[in-house]
Amino acid sequence: MGTQFTRWIMKQPHQHFLAVRLKTTSSQYVASRARDPTFEKLMDKYKNLLKVIAVQDLILANPINRALSLDFLSRLSQKLHLNRGAVSFLRKYPHIFHIYHDPMKSQTFCRLTDAAIQISKEEAEVINASLPLVVDRLVRLLSMSRSRMLPLRAVLKVGRELGLPDDFEDSVISRNSHLFQLCDAHEPNTHNLKLFDVIPDKFTAAVENWRVEEYCKEGCNVDRAEIQFSFKHGYPPGMRLRKNFRAKVKEWQRLPYVGPYDEVSEKKRSSKAGMMAVEKRAVATVHEFLNLTVEKMVEVEKISHFRKWFGFDLNIRDLFLDHPGIFYLSTKGKRHTVFLREAYERGCLIHPNPVYHARRKLLDLVVLGRHGLLTDELRSIASNKEAESLGQYDGETCVSD
């Protein structure tokens with residue numbers, strides 16, 4: 001089912017945006033969205049980066065020698081979507097992974113290269129140096145919940161997006177016991193993270209700061225009524241915006257809304273105006289959620305775990321599709337990922353942060369692939385015995401990555 005904005009805005013059935021939403025399935029709605037080549041190109045890189053990170057985390061999880069046997073990794077190939085097999089995947093990224101044979105164990109292993117280890121250390125260092133920002137993000141996230149409480153499992157799912165350290169429960173929760181409290185949830189062996197103390201200062205949402213900046217710009221002639229409840233919009237190149245569509249968006253921009261940190265009223269939610277208010281607050285909430293993330297992006301599946309806690313039960317994927325001027329939804333890499341459109345320019349964050357910079361270095365190595373290595377070095381990666389050992393893995397599934 002589409003959101004109320006879909007039904008309200010759709011007047012012309014041939015409109016490129018929200019075309020025949022009520023007569024299509026959800027998958028058709030996703031497929032009919034306007035593509036943005038800049039974000040799609042970025043996701044082409046990120047889908048490979050996510051596989052690299054999954055393997056990297058497995059290697060770093062081994063506390064003894066920071067290495068992983070290829071036997072073990074090969075058994076996980078399908079789960080990790082290493083479609084051509086573990087060895088083929090590792091060989092694609094020689095700047096990140098090093099394959100070697102251990103004659104003592106008669107096994108072949110992989111480890112991280114010195115460059116990849118250095119990037120991992122740098123990311124950990126900048127995360128630890130930014131713990132006050134992590135605490136602020138977490139307090140803001142909990143403040144958007146009606147109960148000032150969220151499932152710990154859901155928070156951990158977006159741990160990377162929020163820049164949480166590996167020892168998050170010790171370095172953030174335990175050390176800030178005046179702010180956070182872990183309490184038992186209704187399900188066995190599950191916990192909720194609660195904002196223990198009342199925060200005296202009311203937070204200001206990022207969109208509200210943007211409105212002030214826009215209104216105070218030198219030479220700004222925009223009426224205050226035009227920007228008071230507005231969100232910044234931008235659209236994919238080549239997307240046709242009909243006059244009727246522009247008028248409807250302008251009307252939606254003027255709708256009052258309850259901010260992500262404000263108390264929510266339960267009355268009149270069944271009326272058209274009430275449902276529109278719920279939807280606009282949902283847009284404000286996920287807009288603020290994305291602003292709290294390190295890279296202004298998150299998988300749709302991860303953010304959907306917060307819906308009921310944030311006080312709305314809309315289809316969150318459709319919400320992103322209904323507002324292509326604010327969000328961009330990509331389906332690359334067998335996952336749905338949403339970007340905050342205004343935060344990016346030419347595939348990069350407009351206002352980067354140290355954690356983002358560290359992660360981009362790893363992305364650069366992913367993009368580099370096999371380039372930059374001498375032919376002789378490639379030929380001498382493995383000894384004859386190692387090459388013979390690797391042969392058993394080369395018969396793995398041969399579907400393109």
(request) Would you please indicate if the ring centroids of Phe231 and His287 are separated by under 6.0 Å? (result) yes
(request) Calculate, to the nearest 0.5 Å, the distance between atoms CD and CZ belonging to Glu288 and Arg281 respectively. (result) 11.0 Å
(message) Would you call the rings of His98 and Tyr100 parallel, tilted or perpendicular, taking 30° and 60° as the class edges?
(response) parallel
(message) For Gly85, is there any backbone N or O sitting under 3.5 Å from a side-chain donor or acceptor partner on Ser88?
(response) no
(message) Less than 4.0 angstrom from a charged side-chain N to a carboxylate O is my criterion; do Asp136 and Arg140 meet it?
(response) yes
(request) Would you please say whether a donor-acceptor pair under 3.5 Å links the side chains of Glu122 and His357? (result) no
(request) Pick out which of Phe320, Phe306, Phe312 makes a ring pair (Phe, Tyr, Trp, His ring centres under 6.0 Å) with Phe289. (result) Phe306
(message) Given 3.5 Å as the limit, does a donor-acceptor pair link the side chain of Asp262 with the main chain of Gly259, or not?
(response) yes
(message) Could you measure the distance from the CZ atom of Arg66 to the CD atom of Gln56? Nearest 0.5 Å is fine.
(response) 10.5 Å
(message) Donor-acceptor pair, distance only, cut-off 3.5 Å: does the side chain of Asn353 make one with the backbone of Val294?
(response) yes
(request) Please report the closest heavy-atom contact between Pro94 and Thr113, naming both atoms and the distance. (result) O-CG2, 3.4 Å
(message) Does Lys47 form a side chain to side chain contact (heavy atoms under 4.5 Å, CB included) with Leu50? I'd like the steps, not just the answer.
(response) CA-CA 5 Å; Lys47 70 180 183 181; Leu50 293 174; 5.6 Å; no
(request) Can you see which heavy atom on Leu80 is nearest to which on Leu58, and at what distance? (result) CD1-CD1, 3.9 Å
(request) Give, for atom NZ of Lys302 and atom OG1 of Thr337, the distance between the pair rounded to the nearest 0.5 Å. (result) 8.5 Å
(request) Identify the heavy atoms of Gln107 and Ser69 that sit nearest to each other, and give their distance. (result) NE2-CB, 4.1 Å
(request) Drop me the distance from Leu321's CG to His323's NE2, to the nearest 0.5 angstrom. (result) 10.0 Å
(message) When you compare the side chain of Leu179 with that of Leu138, does any pair of heavy atoms fall below 4.5 Å?
(response) no
(message) Treating Lys194 as the side-chain partner and Ser147 as the backbone partner, does any N or O pair qualify as donor plus acceptor under 3.5 Å?
(response) no
(message) Under 4.0 Å between a side-chain nitrogen and a carboxylate oxygen: does that hold for Arg160 and Glu299?
(response) no
(request) Determine whether the side chains of Glu123 and Tyr356 contain a donor N or O and an acceptor N or O closer than 3.5 Å. (result) no
(request) May I ask you to check whether over 12 heavy atoms, not counting those of Asp166, lie within 6.0 Å of atom CG? (result) no
(request) Return the minimal non-hydrogen interatomic distance between Ser145 and Leu150, and the atom names on each side. (result) CB-CD2, 3.9 Å
(message) With a 4.5 Å cut-off on side-chain heavy atoms, are Leu90 and Leu82 touching?
(response) no
(request) Could you pull out the closest heavy-atom pair between Val366 and Ile96, with the gap in Å? (result) CG2-CD1, 3.7 Å
(message) Return the CG to CE distance between Leu42 and Met297, rounded to the nearest 0.5 Å.
(response) 6.5 Å
(message) Measuring only between side-chain heavy atoms, which start at C-beta, is Met144 closer than 4.5 Å to Tyr261?
(response) yes
(message) Could you check whether any side-chain heavy atom of Val155 comes within less than 4.5 Å of a side-chain heavy atom of Leu164, counting everything from C-beta outward?
(response) yes
(request) Say whether, by atom type as modelled, one donor and one acceptor occur between the side chain of Ser120 and the main chain of Ala116 under 3.5 angstrom. (result) no
(request) Begin from the C-alpha positions of Asn192 and Leu182 and carry the test side chain to side chain contact (heavy atoms under 4.5 Å, CB included) through to its verdict. (result) CA-CA 6 Å; Asn192 289 332; Leu182 284 178; over 6 Å; no
(request) Could you give me the CA-CA distance, side-chain angles and deciding distance for Phe97 and Val52, then say whether side chain to side chain contact (heavy atoms under 4.5 Å, CB included) is met? (result) CA-CA 9 Å; Phe97 303 111; Val52 166; 3.9 Å; yes
(request) For residues Met149 and Leu193, determine if any side-chain heavy atom of one lies less than 4.5 Å from a side-chain heavy atom of the other. (result) no
(request) State yes or no: are the ring centers of Tyr328 and Phe39 separated by less than 6.0 Å? (result) yes
(request) Step through it carefully: locate the ring centre of Phe339, locate the ring centre of Phe327, and say whether they are under 6.0 Å apart. (result) no
(request) Please test Glu40 against Lys332 for side chain to side chain contact (heavy atoms under 4.5 Å, CB included), starting from the C-alpha separation and ending with a verdict. (result) CA-CA 7 Å; Glu40 292 300 306; Lys332 291 278 187 181; 3.1 Å; yes
(message) Between Lys232 (side chain only) and Val207 (backbone N and O only), is there a donor and an acceptor less than 3.5 Å apart?
(response) no
(message) Within the 4.5 Å heavy-atom criterion, are Lys157 and His305 side-chain neighbours or not?
(response) yes
(message) Treating Lys296 as the side-chain partner and Tyr344 as the backbone partner, does any N or O pair qualify as donor plus acceptor under 3.5 Å?
(response) no
(message) List the residues meeting side-chain contact (heavy atoms from CB on, under 4.5 Å) with Gln228, not counting sequence neighbours, and say none if there are none.
(response) Arg224
(message) Determine whether a donor-acceptor pair (N or O, by modelled atom type, separation under 3.5 Å) exists between the side chain of Arg148 and the backbone of Leu195.
(response) no
(request) Salt-bridge test for Arg341 and Asp36: reply yes if a basic N is under 4.0 Å from a carboxylate O, no otherwise. (result) yes
(message) Under the criterion salt bridge (Lys or Arg N to Asp or Glu O under 4.0 Å), I'd like the reasoning laid out for Arg335 against Glu301: C-alpha separation, chi angles, the key distance, then a yes or no.
(response) CA-CA 8 Å; Arg335 54 173 54 84; Glu301 184 270 333; over 6 Å; no
(message) Pairing donors with acceptors under 3.5 angstrom, does anything connect the side chains of Glu279 and Tyr257?
(response) no
(request) Identify the two heavy atoms, one from Gly163 and one from Ile127, that lie closest to each other, and give their separation to 0.1 Å. (result) O-CG2, 3.3 Å
(message) Are Leu363 and Tyr46 packed together at the side-chain level, in the sense that at least one heavy-atom pair is separated by less than 4.5 angstrom?
(response) yes
(request) Might you work through the side chain to side chain donor-acceptor pair (under 3.5 Å) test for His233 and Gln253, ending with a clear yes or no? (result) CA-CA 10 Å; His233 277 64; Gln253 290 275 56; 3.3 Å; yes
(request) Nearest 0.5 Å please: distance from the OG atom of Ser74 over to the CG atom of Asp71. (result) 6.5 Å
(request) Answer yes or no: is there a side-chain heavy-atom contact under 4.5 Å between Leu162 and Val134? (result) no
